[in-house]
Peer 1: 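The structure follows.
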Amino acid sequence: MAEREIRVRFAPSPTGPLHIGGVRTALYNYLFARKSGGKMILRIEDTDQTRFVPGAEDYIVESLQWCGIEFDEGVHVGGPHAPYRQSERKEMYKQYADDLLQKGFAYYAFDTPESLDTLRKDAEAAKKTFVYNAVTRKQLRNSLSMSAEEVSECLSRGDQYVIRILIPETGQVVVQDLIRGTVKVDCAQLDDKVLYKSDGMPTYHLANVVDDHLMNISHVIRGEEWLPSAPMHVLLYQYFGWTDTMPQFAHLPLLLKPDGNGKLSKRDGDRLGFPVFPLRWTDPKTAEVSSGYRESGYFPDAFINMLALLGWNSGTEQELFNMKELIQAFSLEHVGKSGSKFDLEKAKWFNHQYLLQKSDAELAAMWIPVLREKNVNVSEDFILQVIPLIKERVHFVSEMWDQSWFLFNNPESYDEAIIKKRWSPEMPEILRNIILVLLATEPFSRENLETMVKGHIQEKNLNMGQVMNVLRLCMVGSSTGPDLISMMTLLGKDLVVKRIENAITAIK
RNA sequence: GGUCCGUUCGUCUAGUCGGUUAGGACGCCAGGUUUUCAUCCUGGAAAUCAGGGGUUCGAGUCCCCUACGGACUACCA
């Protein structure tokens with residue numbers, strides 16, 4: 001077969017925010033396209049008008065942009081196959097449905113939704129499943145069971161109708177899946193799905209196949225939930241006579257709930273306390289807010305790295321990949337077959353790794369707005385000195401304040417447990433002597449401080465651990481925090497002395 | 001219920017040509033460093049490869065069965 005240009009698409013439905021499973025699908029498409037020098041297309045599948053959610057499309061575009069997933073063609077960037085919104089392609093689909101009708105691969109059906117609903121309920125009551133297929137279609141109201149006159153009468157009268165695919169009574173359909181291998185299904189198991197709805201819109205199945213063909217898509221990489229309908233899609237390609245340009249399929253495994261089983265859903269995030277959406281989303285109807293990775297402080301590259309490894313691996317022991325490296329290393333062959341559970345701890349670890357990779361200046365730029373909000377008015381230079389002291393201790397920029405507030409504000413209380421453990425009646429006297437030493441330390445540099453303070457403690461034969469920890473208590477109010485001497489250097493002589501005096505007065 | 005897909009440490013996974021002490025990472029535990037905590041370093045526990053049958057000198061790897069899990073089963077995508 002001749003070399004075919006690689007063209008893949010990500011085709012979400014704007015029915016709400018894109019969840020991380022969708023982002024991962026987009027990512028794998030993107031990596032696959034970039035790896036092979038192919039094109040990446042964003043198509044919006046909005047054929048269901050009843051489920052349209054305002055803002056969802058913009059949300060999808062913004063999310064993907066934040067993730068660094070770029071498109072060569074699509075609803076927001078245009079391209080040779082525009083429009084890329086299926087609602088705007090509405091007029092194009094009818095002719096394809098008609099084509100199928102003409103070839104006898106599809107038929108009109110006049111059953112009302114209510115009548116079908118009743119049939120389904122009856123079947124359910126009899127512990128069976130109603131299927132619109134070879135065994136039932138002759139008993140239903142359609143162009144197969146009705147006379148030609150009756151059909152044209154219904155049509156000219158303007159009766160509501162749908163167009164259904166005609167599944168062969170016998171035979172097999174074979175789907176070649178890049179991830180799952182050969183999947184065979186008996187036609188008898190398939191049902192006559194609606195291709196064209198009574199509102200004049202195609203269903204996913206028709207629109208999807210037609211657009212993939214028209215847009216010359218070479219590979220369909222989508223979620224596993226589409227695997228059961230893939231045989232019908234293959235059949236459609238056969239019916240249209242497009243088998244020689246039919247895309248190759250790859251059905252991705254699902255993202256599962258971290259606890260228990262089942263696929264990850266919006267509710268799980270709320271329940272387990274982690275975002276399932278890339279960006280924060282406010283439901284336009286209910287005003288309900290769902291958290292996002294961006295707002296939770298994840299770096300896009302960390303988020304993408306984490307997501308990429310949920311279902312794919314490089315085959316090596318490398319775990320940290322930037323987008324460039326992901327593109328280089330990606331291959332569908334290394335995509336797993338089984339669903340993977342999201343792991344919050346590992347997601348945090350990834351973010352920590354990326355935070356460590358950022359320069360102090362980058363972190364300062366992200367942190368300063370947070371500090372300003374807390375009315376912290378210190379020089380940028382000071383902030384730049386704080387960052388190296390605390391960056392190793394946090395997963396997120398948002399956690400930096402908790403690790404450093406005492407460098408900006410004096411402690412107002414002192415940990416009782418530490419007082420009990422380290423404080424002694426002679427401590428005020430010892431501290432006063434240390435203040436004297438501090439006052440004599442000139443310049444107040446890290447090196448000087450260290451030799452002066454430690455030298456004094458040794459000289460006076462004091463307990464190093466006790467004094468140092470009390471000094472930390474004076475500075476921080478508790479027993480945690482970065483290196484003591486570094487903190488004291490940063491705080492400066494006046495503040496250090498003041499904090500010791502404060503502590504002496506406060507602790508009795 | 002039916003159809004299809006799946007099943008290696010708690011979690012993400014390596015393993016793609018049958019011969020490995022079944023490897024790595026997160027998390028967990030211990031020791032070291034840091035006179036604190038975190039980081040970091042070292043080490044450890046952790047998978048009878050879902051179970052059972054085959055095939056084979058030899059099976060996580062091939063075949064069959066069973067179990068369990070999941071997806072789908074709309075004029076939704």
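Reminder, nothing fancy here: chain letters follow the sequence lines and each chain counts from 1.
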Peer 1: For A:His334 and B:G15, is the shortest distance between a side-chain N/O and OP1 or OP2 below 4.0 Å?
Peer 2: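 Looking at the OP1 and OP2 atoms of B:G15, one of them is under 4.0 Å from a side-chain N or O of A:His334.
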Peer 1: Can you check whether A:Lys197 has a side-chain N or O nearer than 4.0 Å to OP1 or OP2 of B:A77?
Peer 2: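 For A:Lys197, the contact criterion (side-chain N or O under 4.0 Å from OP1 or OP2 of B:A77) is met.
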Peer 1: Answer yes when A:Asp343 and A:Lys341 have at least one side-chain N-carboxylate O distance shorter than 4.0 Å, and no when they do not.
Peer 2: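 No, no charged N to carboxylate O under 4.0 Å.
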Peer 1: Taking only side-chain nitrogens and oxygens of A:Arg120, does any of them come within less than 4.0 Å of OP1 or OP2 of B:A74?
Peer 2: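 For A:Arg120, the contact criterion (side-chain N or O under 4.0 Å from OP1 or OP2 of B:A74) is met.
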Peer 1: May I ask you to verify whether the side chain of A:Thr129 and the base of B:G2 hold a donor-acceptor pair under 3.5 Å?
Peer 2: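 Such a pair does not exist between side chain and base.
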Peer 1: Any carboxylate oxygen within less than 4.0 angstrom of a Lys/Arg side-chain nitrogen, looking at A:Asp301 and A:Lys358?
Peer 2: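 Yes, charged N to carboxylate O under 4.0 Å.
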Peer 1: Under 3.5 Å for both donor-acceptor distances, Watson-Crick or wobble: does B:A25 have a partner, and if so which one?
Peer 2: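 For B:A25, the partner nucleotide comes out as B:U11, under the 3.5 Å rule.
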Peer 1: Using the C1' atom as the reference point in each nucleotide, state the distance between B:G27 and B:G69 in Å, no decimals.
Peer 2: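 Result for the C1' pair: 24 Å, nearest Å.
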Peer 1: For A:Leu309 and B:U13, what is the distance between atoms CG and P respectively, to the nearest whole Å?
Peer 2: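 Whole-Å distance recorded here is 8 Å.
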Peer 1: What is the distance from CG of A:Leu256 to P of B:C68, rounded to the nearest Å?
Peer 2: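 For the pair A:Leu256 CG and B:C68 P, the rounded distance is 18 Å.
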Peer 1: Is A:Arg446 salt-bridged to A:Glu450, cutoff N-O under 4.0 Å?
Peer 2: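 Between A:Glu450 and A:Arg446 there is a salt bridge, with a charged N closer than 4.0 Å to a carboxylate O.
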Peer 1: So, the side chain of A:Asp177 versus the backbone of A:His251: is there a donor-acceptor pair under 3.5 Å, distance only?
Peer 2: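 Indeed, once roles are kept as given, a pair shorter than 3.5 Å links the two residues.
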Peer 1: Should the pair A:Lys263-A:Glu225 be classified as a salt bridge under the 4.0 Å nitrogen-to-oxygen rule?
Peer 2: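 Salt bridge flag = no for A:Glu225 with A:Lys263.
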Peer 1: Examine the base of B:A25 for any acceptor or donor lying under 3.5 Å from a partner atom in the side chain of A:Lys346, and report the outcome as yes or no.
Peer 2: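 Indeed there is one.
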Peer 1: Which base sits across from B:G60 as a Watson-Crick or G-U pair, both distances under 3.5 Å?
Peer 2: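 By the stated definition (distances under 3.5 Å), nothing pairs with B:G60.
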Peer 1: Check each of A:Leu252, A:Asn208, A:Val8, A:Asn29 against A:Arg222 using the side-chain contact (heavy atoms from CB on, under 4.5 Å) test, and report the only one that passes.
Peer 2: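 When A:Leu252, A:Asn208, A:Val8, A:Asn29 are each tested with A:Arg222, the side-chain contact (heavy atoms from CB on, under 4.5 Å) holds only for A:Asn208.
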Peer 1: For the C1' atoms, the ones on B:G44 and on B:G54, what distance do you get once it is rounded to whole angstrom?
Peer 2: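 These two C1' atoms come out 39 Å apart once rounded.
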Peer 1: Measure from CE on A:Met232 to P on B:C4 and round the result to the nearest Å.
Peer 2: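 Roughly 16 Å, once rounded to whole Å.
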Peer 1: Which part of the nucleic acid does A:Asp191 contact within heavy-atom distance under 4.0 Å: base, sugar-phosphate only, or nothing?
Peer 2: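 Nothing, no nucleic acid heavy atom in range.
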Peer 1: Taking a pair as Watson-Crick or G-U wobble with both distances under 3.5 Å, which nucleotide is matched to B:A30?
Peer 2: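 B:A30 is paired, partner B:U42.
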Peer 1: Using atom C1' in both nucleotides, what's the gap between B:C40 and B:C49 to the nearest angstrom?
Peer 2: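 Approximately 34 Å lies between the C1' atom of B:C40 and that of B:C49.
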Peer 1: Say we look at B:G18 and B:U61: how far apart would their C1' atoms be, to the nearest angstrom?
Peer 2: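 The answer is 6 Å between these two C1' atoms.
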Peer 1: Determine the Euclidean distance between corresponding C1' atoms of B:U66 and B:U7; express it in Å to zero decimal places.
Peer 2: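 Between the two C1' atoms, the distance is 13 Å.
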Peer 1: Any strand is fair game: report the nucleotide pairing with B:A71 by Watson-Crick or G-U wobble, both distances under 3.5 Å, or none.
Peer 2: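 Paired with B:U3.
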Peer 1: Counting any heavy atom closer than 4.0 Å, what does A:Gly336 reach on the DNA or RNA strands: base, sugar-phosphate only, or nothing?
Peer 2: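 No contact at all - A:Gly336 keeps every heavy atom at 4.0 Å or more from the nucleic acid.
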Peer 1: According to a strict under-4.0 Å criterion, is A:Asn469 in side-chain N/O contact with OP1 or OP2 of B:U36?
Peer 2: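 No, because none of the side-chain N or O atoms of A:Asn469 sits under 4.0 Å from OP1 or OP2 of B:U36.
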Peer 1: Using a heavy-atom distance cut-off of less than 4.0 Å, which residues of residues 41-50 of chain A contact RNA chain B?
Peer 2: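 Those residues whose heavy atoms fall under 4.0 Å from RNA chain B, taken from residues 41-50 of chain A in numerical order, are A:Glu45, A:Thr47, A:Asp48.
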Peer 1: For A:Trp349, give me all partners under ring pair (Phe, Tyr, Trp, His ring centres under 6.0 Å), at least two apart in sequence or on another chain.
Peer 2: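 If we apply the ring pair (Phe, Tyr, Trp, His ring centres under 6.0 Å) test to A:Trp349, skipping adjacent residues, there are no hits.
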Peer 1: In whole angstroms, how far is the P atom of B:A25 from the CZ atom of A:Phe321?
Peer 2: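 Spelled out: CZ on A:Phe321 to P on B:A25 is 14 Å.
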Peer 1: With P as the reference atom in both, quote the distance from B:G53 to B:U39 in angstrom, rounded to an integer.
Peer 2: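 Each nucleotide's P atom is 46 Å from the other's.
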Peer 1: Are A:Leu144 and A:Arg164 close enough that some pair of their side-chain heavy atoms sits under 4.5 Å apart?
Peer 2: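 They are not in contact (no side-chain heavy atoms under 4.5 Å apart), so the answer is no.
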Peer 1: With a 4.0 Å limit, can you tell me whether A:Ser338 has a side-chain N or O closer than that to the phosphate oxygens OP1/OP2 of B:C5?
Peer 2: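 No, outside the criterion.
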Peer 1: Quick one: does A:Arg180 reach the base of B:C5 with a side-chain donor-acceptor pair under 3.5 Å?
Peer 2: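 Such a pair does not exist between side chain and base.
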